[in-house]
Amino acid sequence: MKAFENQEVWFVTGAQLLYGGDAVVQVDGHSREMVAGLNESGNIPVNIVYKGTANSSREVEAVMRAANNTPECVGVITWMHTFSPAKMWIKGLQALEKPLLHLHTQYNAEIPWGDIDMDFMNLNQSAHGDIEFGHICTRMRVQRKVVVGYWKNGDVQKKIAVWSRVAAAVADARNVRCLMFGMNMNNVAVTDGDRVEFEQRLGYHVDYYPVSSLMEYYRKVTDAEADALVDEYRKLYTIKIDESGEEVYWEKVKNSAKAEIAIRRVLADEGATAFTTNFDDLGGADIDIPEFFGFDQIPGLASQRLMAEGIGFGAEGDWKTACLCRTLWFMQQGLPTGCSFLEDYTLNFAGDRSSILQSHMLEVCPLIASDKPKLEVHFLGIGIRKQQTARLVFTSKVGPGIKATVVDLGNRFRLIAQDVECIEPKAMPKLPVASALWVPQPSFEVGAGAWILAGGTHHSAFSYDISAEYWDDFAEMTGMEFVHISKDTTIENFKKELRMNEVYYLLNKALK
Ligand code: MN
């Protein structure tokens, strides 16, 4: 079974009738064999559907319009087996609204030196046809990914796989509804932005959802429902009772379970797959009035558990990161190591191992845990309810990963990705929260400096499983600016890139 069983990618082969019907029949046969080979490779998690040869402007336009109108189709792969004069692609490319991958490959790996004749060369001329197709895409400023190499090559298939995963996530983003339980935190700039432009550009629909309505769900959760969920917690996590004592521990865990059940029900009823919270807006009264109580603690445990199931989460009303976390989880389905919402908290200066402690007050996704998480209850002195609060405690796996964010620059969204190396932290017995510790690449000084120059957020969507190629594809498909901070970054060149992009996006906007 493929990880994305409800979505498909279309494969369209460019040809023409100049070389006669027999040639097209051969092109068609080769294409079928190639698509079957790609599907059976085990490398591509989305089913590729062969849609035949396109031999005229009318046929190209028809298949592109059909792709637009087929919800399961998340993108189109094109390949020019033979020569396919590119004026016949103009109207189809104008019509296409889905991501495009141009595969520059060839049916046969090597030239049959002893047998090659004019017919063979005319039939197998993707070297010629793909360049003609590339020209019209560039001339028309069509956003696309170009993958070059032999179709049976694993590296080529993996590039197609990355693009397919991202295309599936872009399709998902158009259906994401993000509920904001409370507004973004007072005075915070980076978590805010233009939600109308965000929906136009990326598809995510972000809505305020009244905390008072969430409380109506919360008050209706029964003790029996909460007890059943607490039993599940007992199986999944290590129970660790500390200074709160048994009675308070189980009361807080049970109320957390109620909050989780309430949030789940709202999300299901509203068709939402992402949400934000605000620790100054927990509903109800400050004191326990039986008919009008609110959350007794920040619902951090619920946020941690929902994230692990693919519900995007952003703390403090950070709707952009909530949506990005949903997309990250969606695109990396089936990959082994996990992803999470994280926040830059505290610096550790230690020479060339200088690092940044990543954590949050509570909300880190257990998918990145190195070990079985501990369910703990501790006092949390932040927010409107200063209370004993349940949370999952763990440290992250070590190894390379990538953090990403989207910022609103006023005239555009910028996607910033940064390679990081997660390292082992020292014991922090007085900090009972989930955390990661990483060294930004290429070094703490350059990496953190570039992130700040790019206007990056303190919140990010982090993953061990994906690479910058995913975020590059995502930015390409959604028309966002993309910058990547990697082992090759220097501050001097990065500043130049940011300045060049400033001009490019000003001009690009004027062109459209
Ligand atoms: Mn935060």
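This structure is a prediction, so every number in the text was calculated from the model and none was measured. Counting starts at 1 for both ligands and their atoms, in listed order.
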Point to revise | N, O or S from His360 under 2.8 Å to the Mn ion (ligand 1) | key: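 True for His360.
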**Study point:** Side-chain donor or acceptor of Glu225 paired with backbone N/O of Thr222 under 3.5 Å
**Key:**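 Yes, Glu225 side chain to Thr222 backbone: donor-acceptor pair under 3.5 Å.
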Check your understanding: For Glu316, what is the atom name of its N, O or S atom nearest to the Mn ion (ligand 1)?
Key ->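 Closest N, O or S atom of Glu316 to the Mn ion (ligand 1): OE1.
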Check your understanding: Which angle, to the nearest 10 degrees, do you find at the Mn ion (ligand 1) between OE1 in Glu343 and NE2 in His459?
Key ->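 About 80° at the Mn ion (ligand 1).
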Review point. Is there a side-chain contact between Gln297 and Leu380, using heavy atoms and a 4.5 Å cut-off?
Key: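 The answer is no; the side chains never approach within 4.5 Å.
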Exercise for review: Look at the aromatic rings of Trp438 and Phe462 and report parallel, tilted or perpendicular, splitting at 30° and 60°.
Suggested key: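 Plane angle between 30° and 60°, so tilted.
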Check your understanding: Side chains of Asp344 and Gln358: is there a donor and an acceptor less than 3.5 Å apart?
Key ->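 Note: Asp344 and Gln358 side chains meet the donor-acceptor criterion.
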